[in-house]
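These figures come from a predicted structure and were not determined experimentally. To find a chain, count down the sequence lines: A is the first, B the second, and so on, and within it residues start at 1.
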Number of protein chains: 2
Amino acid sequence: MTLAVREAVSSELSNKRGEQVAADLAMGRQATISNALCTAFGQGSCTEFLSSRRLTSFRKNDVIYNVGDHDRVFFFIKSGFVKVGATTSSGSDVIYDLRRSGDVVGELCLTETERPDWAIALEKVETVAVPLYEIRQILAAKPAMMAAMIDVFGHTLKDAYGQINTLAADGTVRRLANVLSVLARKVGRQAGPMVEIPIYLTQEEIAQMVVARRERISTALNTLRRNGVVQYTTRGLLMVDQDKLEALSDLSFG
Amino acid sequence: MTLAVREAVSSELSNKRGEQVAADLAMGRQATISNALCTAFGQGSCTEFLSSRRLTSFRKNDVIYNVGDHDRVFFFIKSGFVKVGATTSSGSDVIYDLRRSGDVVGELCLTETERPDWAIALEKVETVAVPLYEIRQILAAKPAMMAAMIDVFGHTLKDAYGQINTLAADGTVRRLANVLSVLARKVGRQAGPMVEIPIYLTQEEIAQMVVARRERISTALNTLRRNGVVQYTTRGLLMVDQDKLEALSDLSFG
DNA sequence: GATTGTCAGTTACCATTGTAACAACCTGGA
DNA sequence: TCCAGGTTGTTACAATGGTAACTGACAATC
């Protein structure tokens, strides 16, 4: 465990970053953008900025921050996956986004004094926590950071609009296909002819991303499985066929 | 079923807790944020920046930019209202946001080379069009601009997440209440005991904001009208009772 | 003043989705 | 080992919302 963490940390700090970025490039634009902030933070005289800090770690299901919290802190993820979402007035959860190592979590505290969302660790997560006032100092000192920050917000905003779009137009199956497609682009790893999603998600969590009941996800996933679009086993990782997924979400006519 | 709705509405209204969300504060804050970019642009040596430029004007229903366009231009609204949205794969329109004088439109071109959204004038609109490369110059030269830009993105993102939230949790009536409440905070004008929304919106447009069929909006609006939550006449402006609306929609993302 | 187009209101019908309930299975801990 | 709790698969029934169709009202144009 400790070994894995230290490896993850040093990979960020050493020249392995180039490799990481290259991998992200191969993976697609999304990943690259996600990492922009950390890259900017890690550049030049800021190199020691993140590395000199103590890691804040969370175990699976730990709440990194919660709705209504007044802490104004950015969390830079060194390792592990985090879900970002909110709890609706009727008590159900909605997941807006998944974040992974290289991403930042809690960025909305930049403009909000009270957290409108929560972030929960999907597995053991190591982060560097940076209070807002320090973020502000760094932003003021390094324009590149600003640009990176704007990029992060811009892309997150585009994704959010995309979610609204799919919610407005599509039925459960297409929404699921959309979510899986985005997941694959974002965190997927090529595994032979298919893309593996390297984090175990329960159907309940997938349902919160798709914004539908778990039962619908169960049947929809089975439909996709029968059509060879996805592969999975009980409590196993998802493998998706990107091409078939995209074909599915592109269908303009029923 | 209509009875159930009405009962739900009335019960929500009756136990309205006297929470002083301070409509004026909310309104003030929103307006301030909306104007942050323009304010930043107008500050100091940039005072003449906007004023020295030619105005680009649009008539009602003119497309300011469209999905897929490759122009990378910011539009600073000097006067008039603009709707921002997108067309879904099934052909229906979704409205993400309304913008008014003091706001910016087209900001997503900062991170996207191809417009993912459209913007359409709801009435005669005067704008100052600024190409992205100039925006970049100004951002680099004036850190205050950057901060303002980040603010704009942050708030827009929070709004977008709020929309996802309400889409996930609420039925048509509450979503409508949400939309009206946001509209009132954003563009409303105090008119006696109620707040007037100073731009005429067809039910079809409201439906695109609520993400529902026009027919539902018709009945939902009538329900609200019968309960005294809103007032309107055919082809007339909407007047809304903010307190009752907030009680109804129980804004989790206010 | 007739015509045309847009907008609002309403209804019956149907498709989709949520609700509730249960059974089967797996995993981890007592 | 067995049990408890979590995960998945599946069904019936109810509720919600979309579809389609029609009406009346108004405004602009000719």
Side-chain angles (χ1 to χ4, degrees), chain A residues 59-61 88-94 120 122-123 166-177 179 199-226 230-238 251 253-254, chain B residues 1-9 59-61 88-94 120 122-123 166-180 199-226 230-238:
Chain A
R59 285 158 313 178
K60 180 171 179 168
N61 293 329
T88 68
S89 49
S90 51
S92 59
D93 286 343
V94 182
I120 294 180
L122 281 171
E123 53 183 355
T166 197
L167 274 173
D170 303 332
T172 308
V173 177
R174 302 230 340 223
R175 288 216 304 279
L176 173 60
V179 164
I199 173 76
Y200 172 65
L201 299 165
T202 66
Q203 289 187 349
E204 179 61 40
E205 284 167 329
I206 297 176
Q208 290 168 11
M209 289 190 266
V210 176
V211 185
R213 283 294 89 109
R214 206 261 318 156
E215 294 86 338
R216 299 281 152 197
I217 300 303
S218 177
T219 59
L221 268 179
N222 274 298
T223 304
L224 294 184
R225 178 158 58 177
R226 274 192 288 275
V230 306
Q231 287 173 21
Y232 67 99
T233 57
T234 306
R235 264 166 252 245
L237 296 183
L238 276 169
L251 283 180
F253 315 98
Chain B
M1 56 183 75
T2 309
L3 187 63
V5 170
R6 292 187 62 174
E7 259 181 71
V9 170
R59 286 156 311 178
K60 181 172 178 168
N61 294 328
T88 70
S89 50
S90 50
S92 60
D93 285 343
V94 181
I120 295 179
L122 280 171
E123 53 184 352
T166 198
L167 273 174
D170 304 331
T172 310
V173 177
R174 293 196 38 184
R175 288 216 304 278
L176 172 61
N178 253 312
V179 164
L180 293 180
I199 172 77
Y200 172 65
L201 299 164
T202 66
Q203 289 188 347
E204 180 59 41
E205 283 167 329
I206 297 175
Q208 289 168 10
M209 288 190 266
V210 176
V211 185
R213 283 297 90 123
R214 207 257 322 154
E215 292 86 337
R216 299 278 156 198
I217 299 304
S218 177
T219 60
L221 267 179
N222 275 297
T223 305
L224 294 183
R225 176 159 58 178
R226 275 192 289 272
V230 306
Q231 285 173 24
Y232 68 98
T233 56
T234 305
R235 267 169 246 244
L237 297 184
L238 276 168

Query raised in the report: Is R235(B) side chain donor-acceptor paired with the dT6(C) base, going by distance under 3.5 Å alone?
Result: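 Looking at the base of dT6(C), it does pair with a donor or acceptor on the side chain of R235(B) (distance under 3.5 Å).
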Query raised in the report: Considering only heavy atoms and no angle criterion, is a donor-acceptor pair shorter than 3.5 Å present between the side chain of R214(A) and the base of dG9(D)?
Result: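 Yes, the side chain and the base share a sub-3.5 Å donor-acceptor pair.
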Query - With sequence neighbours excluded, residues passing side-chain hydrogen bond (donor to acceptor under 3.5 Å, both in side chains) with T219(B) - result: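 Partners of T219(B) by the side-chain hydrogen bond (donor to acceptor under 3.5 Å, both in side chains) criterion come out as none, since no residue qualifies.
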Query raised in the report: Under the side-chain hydrogen bond (donor to acceptor under 3.5 Å, both in side chains) test, which residues partner S92(B), sequence neighbours left out?
Result: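 side-chain hydrogen bond (donor to acceptor under 3.5 Å, both in side chains) list for S92(B), sorted by chain: T88(B).
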Any side-chain N or O of [X] below 4.0 angstrom from OP1/OP2 of [N]?
{"X": "N222(A)", "N": "dT8(D)", "answer": "no"}
{"X": "Y200(B)", "N": "dA8(C)", "answer": "yes"}
{"X": "T172(B)", "N": "dG17(D)", "answer": "yes"}
{"X": "Y232(A)", "N": "dG9(D)", "answer": "yes"}

Can you tell me the distance, in whole Å, between the [atom1] atom of [X] and the [atom2] atom of [N]?
{"X": "L237(A)", "N": "dT8(D)", "atom1": "CG", "atom2": "P", "answer": "12 Å"}
{"X": "R216(B)", "N": "dC13(C)", "atom1": "CZ", "atom2": "C1'", "answer": "12 Å"}
{"X": "L176(A)", "N": "dT8(D)", "atom1": "CG", "atom2": "P", "answer": "13 Å"}
{"X": "L167(B)", "N": "dT16(C)", "atom1": "CG", "atom2": "C1'", "answer": "16 Å"}
{"X": "E215(A)", "N": "dT19(C)", "atom1": "CD", "atom2": "C1'", "answer": "8 Å"}
{"X": "L224(B)", "N": "dG9(C)", "atom1": "CG", "atom2": "C1'", "answer": "15 Å"}
{"X": "N61(A)", "N": "dG5(D)", "atom1": "CG", "atom2": "P", "answer": "17 Å"}
{"X": "I217(B)", "N": "dC7(C)", "atom1": "CD1", "atom2": "P", "answer": "15 Å"}

**Report entry** Evaluation steps, side chain to side chain contact (heavy atoms under 4.5 Å, CB included), between T223(A) and V173(A)
**Finding:** CA-CA 9 Å; T223(A) 304; V173(A) 177; 5.6 Å; no
**Report entry** Close side-chain approach of L221(A) to Y232(A), heavy-atom, < 4.5 Å
**Finding:**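 Counting from C-beta outward, L221(A) and Y232(A) do come under 4.5 Å.
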Query raised in the report: Are side-chain heavy atoms of L122(B) and L201(B) found at a separation under 4.5 Å?
Result: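 Side chain of L122(B) against side chain of L201(B), heavy atoms only: contact under 4.5 Å found.
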Requested in this report: In sequence, state the C-alpha distance, the side-chain angles, and the governing distance for S89(B) and R174(A), and then conclude on side chain to side chain donor-acceptor pair (under 3.5 Å).
Outcome: CA-CA 11 Å; S89(B) 50; R174(A) 302 230 340 223; 3.3 Å; yes
Query - Pairs satisfying salt bridge (Lys or Arg N to Asp or Glu O under 4.0 Å), at least one member in residues 201-215 of chain B, at least two apart - result: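 Found K83(B)-E205(B).
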Query raised in the report: R175(B) side chain to V210(B) main-chain N or O, any donor-acceptor pair under 3.5 Å?
Result: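 Side chain of R175(B) to backbone of V210(B): a pair is present.
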Query raised in the report: Got a sec, which residues hit salt bridge (Lys or Arg N to Asp or Glu O under 4.0 Å) with R59(B), two or more places apart in sequence or on another chain?
Result: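 For R59(B), the residues satisfying salt bridge (Lys or Arg N to Asp or Glu O under 4.0 Å) (neighbours in sequence not counted) are D62(B).
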Query raised in the report: Considering only heavy atoms, which members of residues 202-213 of chain B lie under 4.0 Å from some atom of DNA chain C?
Result: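 T202(B), Q203(B) - these, ordered by number, are the residues of the stretch whose heavy atoms sit under 4.0 Å from the strand.
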Query raised in the report: Taking the nucleotide of DNA chain C with the closest heavy atom to each, which residue, V173(A) or R225(B), is nearer the 5' end?
Result: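 Of the two residues, R225(B) wins.
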Query - Ring-face cation of R235(B) near Y200(B) (centre distance under 6.0 Å, axis angle within 45°) - result: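 No, cation not above the ring by the 6.0 Å, 45° rule.
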Report task. Note the angle between the end axes of the helix from dG1(C)-dC30(D) to dA30(C)-dT1(D), five pairs defining each, rounded to 10 degrees. Result ->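 If I round to tens, the end axes sit 30° apart.
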